[in-house]
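Just follow the structure's listing: the first ligand is 1, and inside any ligand the first atom is 1. Please read all numbers here as calculations on a predicted model, not as lab measurements.
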Amino acid sequence: MSNANILLGVNIDHVATLRQARYRDADASLSELIEPDPVALALMAEQAGADGITVHPREDQRHIQRSDVFHLKNRIITRLNMEMAATDEMLAFALEIEPDSICLVPENREEVTTEGGLDVVANQNRVKSIVDTARQAGILTSLFIDPDPDQIAASAKAGASHIELHTGAYANAYYTDSRSAQFDRLVQGAAIGNDCGLIVNAGHGINYVNILEVREIPNLSELNIGHSIISRSVTFGLEEAVRAMKSLIIGD
Ligand code: PXP
């Protein structure tokens with residue numbers, strides 16, 4: 001069985017990681033030479049069936065640059081989801097960009113990618129204030145959290161419309177004895193989120209193997225997938241990589 005209704009958000013951060021590896025300090029006059037272009041790749045992902053595009057402009061701008069986010073907002077035809085740290089500076093940037101949604105994530109300068117979920121319980125007031133401000137600007141807010149019942153309840157209390165369940169612990173446990181326990185946590189988390197009236201997304205570490213199990217989690221609305229799709233695109237091209245993931249999600 002599968003869930004044909006689950007949407008796919010493609011995270012294109014790593015397109016910019018590749019560009020920055022060569023052109024971090026490049027002069028703008030080189031613009032014709034600079035590749036790969038996250039906007040061109042986002043449009044390609046949409047053509048291949050992506051339901052939304054996700055980016056995470058980080059404080060240290062290690063991959064996606066703020067100018068990328070402006071261009072994406074103007075050019076893509078689906079939805080722009082902007083992951084961000086829960087800081088005043090990033091909130092101001094979000095209000096300038098007006099993405100369709102923001103997803104609050106913890107951000108630690110040293111980590112290679114987002115490692116743990118946001119602690120909404122400990123940061124209830126701050127999170128609620130960002131959710132309220134974003135809502136007034138017509139921006140939906142999702143919270144990237146571990147599948148922990150207290151964090152889910154706190155997310156609903158903060159007024160978020162969405163949560164994104166962190167699938168990293170499950171993905172890391174895939175070839176270990178704790179895989180089924182981690183999977184059950186996600187199933188329960190999605191059910192609790194749904195009961196709390198939240199729209200439940202999931203992401204981090206989802207790939208072409210574990211998707212066959214992830215797609216079985218009831219109550220999921222959308223999956224945000226980056227690394228595996230961009231990696232596969234190096235061999236097969238982005239359109240093929242997106243199409244293959246879409247068809248695995250749908251199960252056709
Ligand atoms: N969702 C969130 C909130 C993330 O921070 C990330 C990683 O940037 C992803 C999804 C995508 O994870 P991956 O690149 O492992 O697919």
Under 3.5 Å between any N/O of E83 and any N/O of ligand 1: does that happen in this structure? yes
Can you find an N/O atom of G205 closer than 3.5 Å to an N/O atom of ligand 1? yes
Would a single hydrophobic cluster contain both L220 and V187, if residues Ile, Leu, Val, Met, Phe, Trp and Tyr are joined by side-chain heavy-atom contacts under 4.5 Å? yes
List in chain and number order the residues that pass salt bridge (charged side-chain N to carboxylate O under 4.0 Å, His left out) with E239, two or more places apart in sequence or in another chain; answer none if no residue qualifies. R243
Could you pull out all residues at least two apart from H71 that satisfy ring pair (Phe, Tyr, Trp, His ring centres under 6.0 Å)? none
Short list, please: which atoms of ligand 1 are under 4.0 Å from a heavy atom of H204? 6 (C), 7 (C), 10 (C), 12 (O), 15 (O)
What atoms of ligand 1 come closer than 4.0 angstrom to any heavy atom of N11? 8 (O)
Pairing donors with acceptors under 3.5 angstrom, does anything connect the side chains of S142 and E164? no
Which of the atoms of ligand 1 are close to F144, meaning less than 4.0 Å from one of its heavy atoms? 2 (C), 3 (C)
Derivation of the side chain to side chain donor-acceptor pair (under 3.5 Å) call for T54 and N81: CA-CA 5 Å; T54 293; N81 174 45; 3.2 Å; yes
Proximal ligand 1 atoms for I225, defined as those under 4.0 Å from one of its heavy atoms: 16 (O)
Got a sec: does the CD of Q61 have more than 12 other heavy atoms crowding it under 6.0 Å? yes
Under 4.0 Å from a heavy atom of N224: which atoms of ligand 1 are those, numbered in the order shown and with their elements? 10 (C), 11 (C)
G203-ligand 1 polar pair, N/O distance under 3.5 Å: no
Could you list the atoms of ligand 1 found under 4.0 angstrom from a heavy atom of V105? 3 (C)
Do E213 and Y170 meet the criterion of a side-chain donor-acceptor pair at a distance under 3.5 Å? yes
Closest heavy-atom approach to atom 10 (C) of ligand 1 among E164, H166, H63, H227 is made by E164
